[in-house]
Amino acid sequence: MTLKVENLSIYYADWQRDYSLVAAEGERLAIKGLSGVGKTTLLMALAGFIKPIAGSARWRDQDLLALPPERRPISMLFQDDNLFEHLSVAQNLRLGLRAETIVNSLPEAVEQLGLSEQLNKLPGQLSGGQRQRVGLIRTLLRPEPLIILDEPFAELDADTRQRALDFTLNAARASNKTMLLITHQDEDIAALATQTLHLEP
Amino acid sequence: MPTLRSVQQLSGYAALACLIAVTFLAFQGLAGFNNARFDPELLRDPYTLKILKFSLWQASLSTLISLLVAWPLARILYRLNPTGTQQFLRLCLLAFVTPTLVVITSTMVLFGPQGLLREFLPAQWKLFGLNGILIAHVYLNFPLALRILLQSYQSLPLGSERLASQLKLSSWQRFRVLEWPQLRSSLLAVGTLIFILCFNSFAVVLALGGGPSATTFELAIYQALKYQFNLSEALTLSWFQFAIAGSLFALTALLSKIDWLGARRRMQGWQPDVHQILRKLGLVLYLCGWLVMLLPLFALLSSIEPTKLANLDYRVLLMSLGRSLLIALGATLTALLLALVLLPPQIEALKQHRPVKAALINWISTHHLVAPAMVLSTGIYIWLLSSGALKQWSTFWLVLLNALLVLPFLLTQLRTNSRAYQQQYGALIANLNLSLLVRSSIYLRYLKRPLMSAFALGLLLALGDVSIFAIFGSYDAPTLPWLIYSYAGSYRLGEASIASTLLLLICALLLLVLEKSHHQSKV
């Protein structure tokens, strides 16, 4: 298995969770569960922002936990704070992308998700849905092979949601990326996921 | 390839080592020259005890009067929100950052032997001594107290006033239940800060002290060094001052955080009705506040005579201004660079939940606030003297020591924003795996406004320096504050007023930049 998480234990003062999961290369794993069950905590731990007290997380046989966040092969879309508020949308989009991606894939993605008119604006001038699409494009076009999305479609209306779903699916398939995503919507799971993990309280 | 974190940490620790080295060199200089030694016997000497008593007495009185003036005014501004409140607050800020020499000139013009208000004062009135020191200290510090106390009032929980009215609390109950718990820590913190500033005061005591009966430690060190060349005395007094001011500084750090720029300009929505008589009394006090703030400015302007203006040696004035600006610019840029390098290790320590380490880094970064200018300057001066390098290096140290004294204020300006940046974007930055160059560029662009604000503040503070120049400067090539001092010292008050007005105008301009960028960076 490409991603293997075994008995990963996260501990807070009055709260503890153990996680185990596996995902093959190119698989898209949807994570479901009630609010507060620890979905985001799992993703933050995999990305290196929360330190587990026990267990292991391996990617292509490499120990993820031994790597600092910036060295992990992960591109993550956070729930909030995905954009630098003092940089324009265009500047935000280019961060972390390869030069050829900026030239070849970025304009098409921007067009597809209806952001062409927004490139020179600051994030503060965008709606919640537009901000989320900007973050989504950058997360998916980055070269990292493992994509982590924390509620990526939460603020989108029906039309843009469908476009974002299509874009996400195509981008993931095109480069055979492995994806973990948190969502509360069954239609997102139906459209994207190849397997589902249900976290119990 | 070194990671950004390791580069930041290394350079931060290197800068910390430099800061400690400067203090160490200063004390080494004092201790190591010509058998100078710490002389505990001196602490039993009546002269030293007299200095201690006077230093504490004038600082206590200055603090008490500043708070007694500031508190009612802050309450009036909060409760009544009278017309002109915002302008009054701006004026307060200007007063706090006004170079001391400008205030000294105004005080002499108003209360001096030939002062504008002399005829209203008792016949036995003497400006020089405790009177003059108190007037200048209160004028320089009560605006700071007022802004901080007003900020405290404005932090009263929303709706608490309404609830207090609902519960039909009396004025006394309202004060006891609402105001006092909110103000208590601010009063203590700002009181301690003002006490330290007055305890370490140099220029005011030098110009208005009027002799050995009104001498503070800072001045006594200067005299021991410059006039008596008694290094043992300078060393002992330095240690003593460092110990007292250091303990008080640690106490302030424990008590609370002070955002001295922070009085917000919007008022709480709902306020209880104030009785007509109290309202009128409040407005009269508020007008008195305006009078107190404006009088020194009018005094300056009124003492500028056309003949003095025509005959003034503008070459000297402009040369002094140029010198002041160059030194302040060098000091500010150095301090900004140091601040940018010193912040990451501290923020990293906070991120790792290591408060003791963070506090230690903070203390080292800001300890020059309490290792008084005179102690540092004196020590380094002697060290340079003994190594024969005084002539070549005095300008370098003049700039560097000014930078170190400005540094604590710049760190306060930048710390909140740097921390907010780390909190908001730390995870994103790490996840994006950006190069050092791109990260730095994003960071500096984020910090643009706070940096501008810190830059203006640095210039403002460094422009007013007197104490470091008194040691390292050449009196034949004075800075603008030193020129004002020499004019005022020889009773050439007309010339002193012209030079003071020029300095004040520059400060007002810088203050505009500072306030604008400070508020924009908070939006």
Side-chain angles (χ1 to χ4, degrees), chain A residues 12-13 40-41 43-51 64 67-88 90-99 101-102 122-124 131 134-150 180, chain B residues 1-10 340 344-345 347-355 414 416-454 516-523:
Chain A
Y12 290 131
T40 298
T41 304
L43 299 193
M44 292 296 261
L46 288 177
F49 302 113
I50 293 176
K51 209 174 158 65
L64 277 182
L67 298 172
E70 56 270 25
R71 298 265 166 91
R72 297 191 186 194
I74 291 172
S75 174
M76 178 165 184
L77 182 76
F78 300 94
Q79 264 186 38
D80 305 298
D81 294 329
N82 287 293
L83 307 180
F84 291 101
E85 302 295 329
H86 59 296
L87 302 185
S88 71
Q91 288 168 326
N92 266 293
L93 276 169
R94 285 196 288 267
L95 292 172
L97 301 191
R98 287 184 175 147
T101 311
I102 293 173
L122 287 173
R131 293 167 68 95
V134 175
L136 188 66
I137 289 175
R138 190 184 58 203
T139 309
L140 285 159
L141 293 187
R142 286 176 55 196
E144 281 76 6
L146 181 53
I147 305 284
I148 290 182
L149 307 175
D150 194 350
L180 304 185
Chain B
M1 197 181 75
T3 63
L4 177 70
R5 195 174 297 168
S6 61
V7 171
Q8 281 180 332
Q9 297 291 310
L10 271 179
L340 285 173
I347 289 168
E348 184 67 20
L350 285 169
K351 202 175 116 192
Q352 293 168 349
H353 303 289
R354 297 173 72 181
L414 296 174
T416 315
N417 288 288
S418 287
R419 217 180 150 194
Y421 178 82
Q422 177 60 39
Q423 278 170 346
Q424 191 173 358
Y425 299 123
L428 179 62
I429 291 263
N431 187 254
L432 285 173
N433 195 14
L434 304 171
S435 70
L436 180 67
L437 198 66
V438 176
R439 283 182 188 216
S440 307
S441 142
I442 294 174
Y443 178 56
L444 290 178
R445 273 145 88 182
Y446 176 86
L447 276 188
K448 196 170 72 182
R449 288 194 190 287
L451 277 174
M452 206 152 81
S453 162
K516 199 171 166 216
S517 40
H518 182 78
H519 286 292
Q520 279 174 341
S521 69
K522 283 197 155 185
V523 172

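Each chain gets a letter, A, B and so on, in the order its sequence line appears, and its residues count up from 1. The figures that follow rest on heavy atoms only: side chains count, while hydrogens, waters and symmetry mates do not.
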Given heavy-atom pairs under 4.5 angstrom as the criterion, report whether the side chain, backbone, both or neither of [X] touches chain B.
{"X": "A:Glu85", "value": "both"}
{"X": "A:Leu87", "value": "side chain"}
{"X": "A:Arg138", "value": "side chain"}
{"X": "A:Leu83", "value": "backbone"}
{"X": "A:Phe84", "value": "both"}

Could you tell me if the side chain of [Y] sits less than 4.5 Å from the side chain of [X], heavy atoms only?
{"X": "A:Leu95", "Y": "B:Val438", "result": "yes"}
{"X": "B:Leu447", "Y": "B:Leu340", "result": "yes"}
{"X": "B:Arg439", "Y": "A:Glu70", "result": "yes"}
{"X": "A:Asn82", "Y": "A:Asn92", "result": "no"}

Query raised in the report: When the aromatic ring centroids of B:Tyr421 and B:Tyr443 are compared, is their separation below 6.0 Å?
Result: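 Ring-ring flag for B:Tyr421/B:Tyr443: true, centres closer than 6.0 Å.
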
Report task. Please confirm whether A:Phe78 and B:Tyr425 have ring centers closer than 6.0 angstrom. Result -> no

Query - Largest heavy-atom contact set with chain A, pairs under 4.5 Å, which of B:Asn433, B:Ile442, B:Leu434, B:Asn431 - result: B:Asn431

Report task. Please look at B:Leu428 and chain A and tell me whether the side chain, the backbone, both or neither of the residue comes under 4.5 angstrom of a heavy atom of that chain. Result -> both

